[in-house]
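Working notes, structure below.
All values below were derived from every heavy atom in this structure, side-chain atoms included, with hydrogens, water molecules and symmetry-related copies excluded. These figures come from a predicted structure and were not determined experimentally.
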Amino acid sequence: MNRRLEERPVVTASRVPRFTAVERWIHRTTAALMGVCVVTAACLYLPSLAELVGRRALVVMVHQWTGLLLPLPVLAGLVSRAFRADLGRLNRWGPHDRLWLRAARRRLPGPRPAAKFNAGQKLYAAWIAGATLVMLATGLMMWFTHLTPLMWRTSATFVHDWLALTIGIVLAGHIGMALGDPEARRGLRTGSVSREWADSEHPLWRP
């Protein structure tokens, strides 16, 4: 791994490092692949888009290969120590996460306890990772029809279609929340966030 990619952003008095260049590359590449999957899926299932785009065979091929490539950025990113550390943080739950979820569910005002990642981000990361694996497995069953019985392929098609719709809805919510937090987007774009934002949104995080 190029050592320059592992370098964290320069720390100043008013800004703190949040993501390395490798982590930002993983997020951007995964987001691009997921976006292509969603757009091509919409072109395959919505008649109006299918008629507008045409060339169904090409759309199917792009959808299939993009789906196969989707896990690769995360797998490649495992060589990064910072990325592995953040995966550990995403998988680690504590009492403060239950407090965050309770406050979010009841829409309580005021700051909510969170470390580098809040409980909502942890839930989203776990859900989208599991959904991606299910989509990959069911997609392979639909692609290589000779490997599984007809009943399996029928069930895989049902799960794939409905889970795709759910992923589209969840992604729309994820993008909507990101649009409402400019500083979080800046952290993913530049690698650093303001100290005031970190203290307010992630008071238990000690960068």
Fill in: Residue pair L165, D161: steps toward the side-chain contact (heavy atoms from CB on, under 4.5 Å) verdict
CA-CA 7 Å; L165 176 61; D161 291 352; over 6 Å; no
Practice prompt. Let me see the working for Y124 and L90 under side-chain contact (heavy atoms from CB on, under 4.5 Å), right down to the final yes or no.
Written response: CA-CA 10 Å; Y124 171 78; L90 285 168; over 6 Å; no
Fill in: Stepwise side-chain contact (heavy atoms from CB on, under 4.5 Å) check, L72 with L75
CA-CA 5 Å; L72 291 187; L75 295 176; 4.3 Å; yes
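Contact check for F83 versus T20: no side-chain heavy atoms found under the 4.5 Å cut-off. The shortest distance between side-chain heavy atoms of M34 and T132 falls below 4.5 Å. S192 has its side chain out of reach of V16: every pair of non-hydrogen atoms, C-beta onward, lies at least 4.5 Å apart. Taking the side chain as every heavy atom from C-beta outward, L70 and L136 never approach each other to under 4.5 Å. The side-chain heavy atoms of D86 and F19, taken from C-beta on, include a pair separated by under 4.5 Å. Contact check for R102 versus L99: side-chain heavy atoms found under the 4.5 Å cut-off.
Heavy atoms of other residues, nucleotides or ligands lying less than 6.0 angstrom from CZ of R55 number 12 at most. Remark: W93 CH2 is packed, more than 12 non-hydrogen atoms of other residues, nucleotides or ligands lying under 6.0 Å away. Atom OH of Y45 has more than 12 neighbouring heavy atoms from other residues, nucleotides or ligands inside a 6.0 Å radius.
The two residues K122 and R89 make their nearest non-hydrogen contact at CE-O, 3.3 Å. Here the closest non-hydrogen pair linking T40 and V59 is O-CG1, 3.7 Å. Heavy atoms only, all atoms of each residue included: S80 and V22 are closest at CB-CG1, 3.6 Å. Taking both residues in full, the closest heavy atoms of R153 and T145 are given as NH1-O, 2.7 Å, listed atom of the first, atom of the second, then distance. Considering every non-hydrogen atom in both N118 and G120, the closest pair reads OD1-N, 3.0 Å. When all heavy atoms are compared, the tightest approach of W100 to R112 is CD1-CB, 3.3 Å.
Rounding to the nearest 0.5 Å places CD1 of I167 at 9.0 Å from SG of C37. A distance of 9.0 Å separates CE in M141 from OG in S155, rounded to the nearest 0.5 Å. Taken to the nearest 0.5 Å, the CZ atom of R28 stands 14.5 Å off from the CG atom of L33. Taking NE2 of H160 as the start and CE of M135 as the end, the distance is 3.5 Å to the nearest 0.5 Å. The CG atom of D97 sits 8.5 Å away from the CG atom of L123 when rounded to the nearest 0.5 Å. Between atom CG of residue L78 and atom CZ of residue R84 there is a gap of 7.5 Å, rounded to the nearest 0.5 Å.
Between the side chain of T29 and the backbone N or O of W25 there is at least one donor-acceptor pair closer than 3.5 Å. A distance-only check finds no donor-acceptor pair linking the side chain of R195 to the backbone of S14 [under 3.5 Å]. No donor-acceptor pair under 3.5 Å is formed between the side chain of R186 and the backbone N or O of V193.
A distance below 6.0 Å separates the ring centres of W143 and W65.
At a cut-off of 3.5 Å, with distance as the only test, a side-chain donor of W197 or D181 sits close to an acceptor on the other residue.
Note on ring orientation: taking the six-membered ring where Trp is involved, the planes of H202 and W205 are perpendicular (angle over 60°, cut-offs 30° and 60°). The aromatic rings of H174 and H27 lie tilted to each other, with the angle between the two planes from 30° to 60°.
Hydrophobic clustering, with ILVMFWY side chains joined whenever heavy atoms are under 4.5 angstrom apart, keeps I175 apart from L188. Linking ILVMFWY residues whenever their side-chain heavy atoms come closer than 4.5 Å, directly or via other members, places L69 and V38 in the same cluster. The hydrophobic cluster containing F144 also contains V62, counting ILVMFWY residues as joined when their side-chain heavy atoms lie under 4.5 angstrom apart, directly or transitively. I128 and V159 fall within the same hydrophobic cluster, defined by Ile, Leu, Val, Met, Phe, Trp and Tyr side-chain heavy atoms under 4.5 Å apart, directly or through other members. L44 and L140 fall into different hydrophobic clusters, where Ile, Leu, Val, Met, Phe, Trp and Tyr are joined by side-chain heavy atoms under 4.5 Å apart, directly or via other members.
Cation-pi contact between R18 and F117: present, with separation from the ring centre below 6.0 Å and deviation from the ring axis of at most 45°.
Using a 4.0 Å cut-off between a side-chain N of Lys or Arg and a carboxylate O of Asp or Glu, E183 and R15 qualify as a salt bridge.
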